[in-house]
Amino acid sequence: MQFKHPELLYALLLLLIPIIVHLFQLRKFKKTAFTNVAFLKAATLKTRKSSQIKKWLILCTRLLLLAAIVFAFAQPFTSKIDALHIEKETVIYLDNSFSMQAKGNNGELLKRAIQDLINNIPENENISLFTNSDIYKNTTIKAIKNDLLQLNYTANNLTTEAALLKSNTFFNTKTNTLKNIILISDFQEYNNNSNIKKDSLTNLHFVKLQPVNANNITVDSAYISNTSPTNIELTVQLKNSGENNESVPVSLFNNDNLIAKTSVEINDKASTTFSLPINEIINGKLTINDASLQFDNSLFFNINNGSKINVLAINESDDSFLKRIYSNDEFNYTSTLTNQLNYNDLDNQHLIILNELSTIPNALISAIKAFTNQGGSLVVMPSKDITKSSYNALLLNYATSFNDLIETEKRITTINYSHPLYSNGVFEKQVRNFQYPKVNSFYNVASNSASKVLSFEDGKAFLYQNQNAFIFTTALNNDNSNFKNSPLIVPTLYNIAKFSFKIPQLYYTIGEENRFDVDTQLQQDAVLSLVNDDINMIPKQQYFNNKVVVNTSDNPSISGTYVIKNKTETIANVSYNYNRNESDLIYNKLSNIKDATVSDSITEIFDSIKSETKINALWKWFVIFALILLLIEMVILKYFK
């Protein structure tokens, strides 16, 4: 039992007063003479005993009465904690990701959660609440009620661990506080909860909301599977989470025009193919009809006019292998000799290849340095006999230099599979035993910052990368190496060119780090913008002589096909789609989480929190007890003889 005003308990010292009065009464019995002494003695003894009992009963009653009054004024109460003198802080995470569109017993999970929060949180109680898109710090449910009722779904989502870390930032630095963190989500399986750790001073509550059924069909992905002189084949992948469906209609739109429609039978996964005309701009949208989640029922893509990558090879050796790799359908390949090079053409290139030059002229060194500083890419293939000073004058710009020529046969045995050149579907698996290419001689390379792409069996580099420069350490002619006949040469040189100018893909995923290049010339202070109906945004961008590098991540935040504009000029189109991680309605079990309260009801969690801080006032009972004692005293005084 605790007291609201414990200082009033000092008034219990007043209990000494009735004790003193009753123990030291000054009234004495008077003696009266009677003839029959024996009778008198018996009567006197009986009167004194009755008087003593009555006085002790009255004393106890008055002591209890006075004590009850003192306790009543001290206002006693009971609670699980010292709720009267401890400050309470509550932080709530409300998941408003797309998976919360799923329907529970009382409608959409998010809408029901919002209504339960409004009903269970006192209007003027101070709380902090945050979602995947909004933050409301040190506010009341009354102040944010309208904002919550209008809360929209978002492509952003937080892992449970990230939500917990963010929750802790809302608490103040006081130590004597009762901290409650409430996480409200559906806790999907892709969101791992195994690393959750909580502060010993914090109460952690999980509210797991689940839909009544886990059926959902998704337009998962699309890609160009084949290209002919007249048509492009577009393959669409569908995915089903839940029970099997007989067939699903799939519609293909170009802008708002329906151009194709088909029906697909789907169990877990299925695919279908559409044929599109080549050399035609397509602002496509694939749609299905599914009553569950809505965000993944559409997939946007676009096919622009074919942009080509400009590749310039400066040769003193055979370049026929380069011509085969850089074909006319994707590249503008130009070949020239060193003494015939037009330096004015360099600024228009995306990739420059130095093919076994014996000496690199100073003018070319300066031009290439300026070219790579402006975002261009460089490939260096040395000859067996080089002027090292000229090469090193160039390589010094990329923190690299050639040392001695080692005339020893080496095999190329190590592939950096995590390198961007090979990480995007070049290999189905890591190959440990293949027909290793070999070289008869190579240059030792000194570099502290370059990364190895391909290496020899002794760990020395065959191909280095430093920023946007790719440096081979050996000549690639057939007399010195059989690398030209290796399967590695095509993906290596092809992807180097692809990275030199990133043509916009079929579509991008919102929330990921996306980069693409736009082939355009900008005037001073001009910028590119992405436009879709009433959305007009300026993405992060960097301008070079021959291109603009555009980077996007969380913005744009709405899926669709956006027009890339330079003021009023339309340059190209780019499409964005929501991440499909939340399409699989598979959920985590929270049984492995320790030291936390887990429930499927927001009301239940708040009732539990209220019970921990509930104050049971007892002063009324002491007032009633005092009245009863007063009545008992009156009865004793009147009826006790």
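Nothing fancy with the numbering, it's 1 onward along the sequence.
Heavy-atom neighbours of D329 CG from other residues, nucleotides or ligands within 6.0 Å: above the threshold of 12.
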Might you work through the side-chain hydrogen bond (donor to acceptor under 3.5 Å, both in side chains) test for S575 and N302, ending with a clear yes or no?
-> CA-CA 6 Å; S575 295; N302 70 276; 3.0 Å; yes

Give the intermediate values and the outcome of side-chain contact (heavy atoms from CB on, under 4.5 Å) for residues D519 and F501.
-> CA-CA 9 Å; D519 190 4; F501 183 81; 3.6 Å; yes

Check the pair D220, T218 against side-chain hydrogen bond (donor to acceptor under 3.5 Å, both in side chains), reporting the backbone distance first and the verdict last.
-> CA-CA 5 Å; D220 186 64; T218 308; over 6 Å; no

Could you give me the CA-CA distance, side-chain angles and deciding distance for Y153 and F295, then say whether ring-ring contact (aromatic ring centres under 6.0 Å, His included) is met?
-> CA-CA 9 Å; Y153 298 98; F295 80 98; 9.4 Å; no

Report the C-alpha distance between S292 and D290 in whole Å, list the side-chain angles of each, state the deciding distance to 0.1 Å, and finish with yes or no for side-chain hydrogen bond (donor to acceptor under 3.5 Å, both in side chains).
-> CA-CA 6 Å; S292 187; D290 178 42; 4.8 Å; no

Step by step, would you call N477 with S317 a side-chain hydrogen bond (donor to acceptor under 3.5 Å, both in side chains)?
-> CA-CA 8 Å; N477 61 69; S317 181; 5.3 Å; no

Would you sort out whether L405 and K384 count as a side-chain contact (heavy atoms from CB on, under 4.5 Å), showing the intermediate values?
-> CA-CA 8 Å; L405 178 68; K384 187 175 180 180; 4.0 Å; yes

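Applying the side-chain contact (heavy atoms from CB on, under 4.5 Å) test between N344 and each of N342, N348, L346 identifies N342 as the sole match. Partner L276 forms a side-chain contact (heavy atoms from CB on, under 4.5 Å) with one of T227, I303, I224 and no other, that one being I303. Tested against I564, the residues T520, V550, V531, V518 include a single side-chain contact (heavy atoms from CB on, under 4.5 Å) partner, V518. Each of L312, V311, N332, I309 was evaluated against Q349; a single residue qualifies, L312, per the side-chain contact (heavy atoms from CB on, under 4.5 Å) test.
For D517 (side chain) and K502 (main-chain N/O), a donor-acceptor pair under 3.5 Å exists by modelled atom type. Proximity of a side-chain donor or acceptor of N254 to a complementary backbone N or O of I282 within less than 3.5 Å is not detected. Side chain of N315 to backbone of N355: no donor-acceptor contact under 3.5 angstrom is found. K239 places no side-chain N or O within donor-acceptor distance of the main-chain N or O of D584, the cut-off being under 3.5 Å. Remark: side-chain polar atoms of N468 are paired, donor with acceptor, to backbone N or O of G376 under 3.5 angstrom. Judged by distance alone, with hydrogens and angles left aside, the side-chain atoms of E356 form no donor-acceptor pair with the main-chain N or O of L354 at under 3.5 Å. When atom types are taken as modelled, the side chain of T131 and the backbone of S133 share a donor-acceptor pair closer than 3.5 angstrom. Under the 3.5 Å distance criterion, the side-chain polar atoms of T169 are matched with a main-chain donor or acceptor of K166. Although no hydrogens or angles enter the test, the distance criterion places a donor-acceptor pair under 3.5 Å between the side chain of R580 and the main chain of V219. Of the possible donor and acceptor atoms, one in the side chain of N514 sits under 3.5 Å from a partner among the backbone N and O of T509.
Of all the heavy atoms in D296 and N216, the pair that sits closest is OD2-ND2, 2.9 Å. Between L395 and I471, the closest heavy-atom pair is CD2-CD1, 3.8 Å. Considering all non-hydrogen atoms of both residues, S358 and S383 come closest at CA-OG, 3.8 Å. Smallest separation of non-hydrogen atoms from I510 and S559: CD1-N, 3.7 Å. The minimum heavy-atom distance linking S251 with L258 is given by the pair CB-CD1, 3.8 Å. Looking at every heavy atom in both residues, L351 comes nearest to F371 through N-CZ, 4.1 Å.
For F300 and Y576, the ring centers are positioned 6.0 Å apart or more. Checked against a 6.0 Å centroid threshold, the rings of Y494 and F331 count as neighbours. Taking the ring centroids of Y136 and F130, they lie at or beyond the 6.0 Å cut-off. A distance of 6.0 Å or more separates the ring centres of Y398 and Y464. Checked against a 6.0 Å centroid threshold, the rings of Y443 and Y391 do not count as neighbours.
Contact of the V445 side chain with the N403 side chain is not registered, since no non-hydrogen atoms from C-beta on lie closer than 4.5 Å. Between P556 and N532 there is no side-chain heavy-atom pair separated by less than 4.5 Å. For the pair Y436/K438, no side-chain contact is recorded, criterion being any heavy-atom separation below 4.5 Å from C-beta on. Using a 4.5 Å heavy-atom threshold, the side chains of N157 and N581 count as separate. The shortest distance between side-chain heavy atoms of I353 and Y326 falls below 4.5 Å. Residues Y422 and V453 have side chains in contact (heavy-atom distance under 4.5 Å, counting atoms from C-beta outward). In this structure, N240 and D268 have side chains that are not in contact, with every pair of non-hydrogen atoms separated by 4.5 Å or more. Residues N551 and E513 fail the side-chain proximity criterion, which asks for heavy atoms closer than 4.5 Å.
Donor-acceptor pairing under 3.5 Å is lacking for the side chains of N283 and T561. No side-chain donor-acceptor contact under 3.5 Å links S377 and S500.
Note on ring orientation: taking the six-membered ring where Trp is involved, the planes of F442 and F456 are tilted (angle from 30° to 60°).
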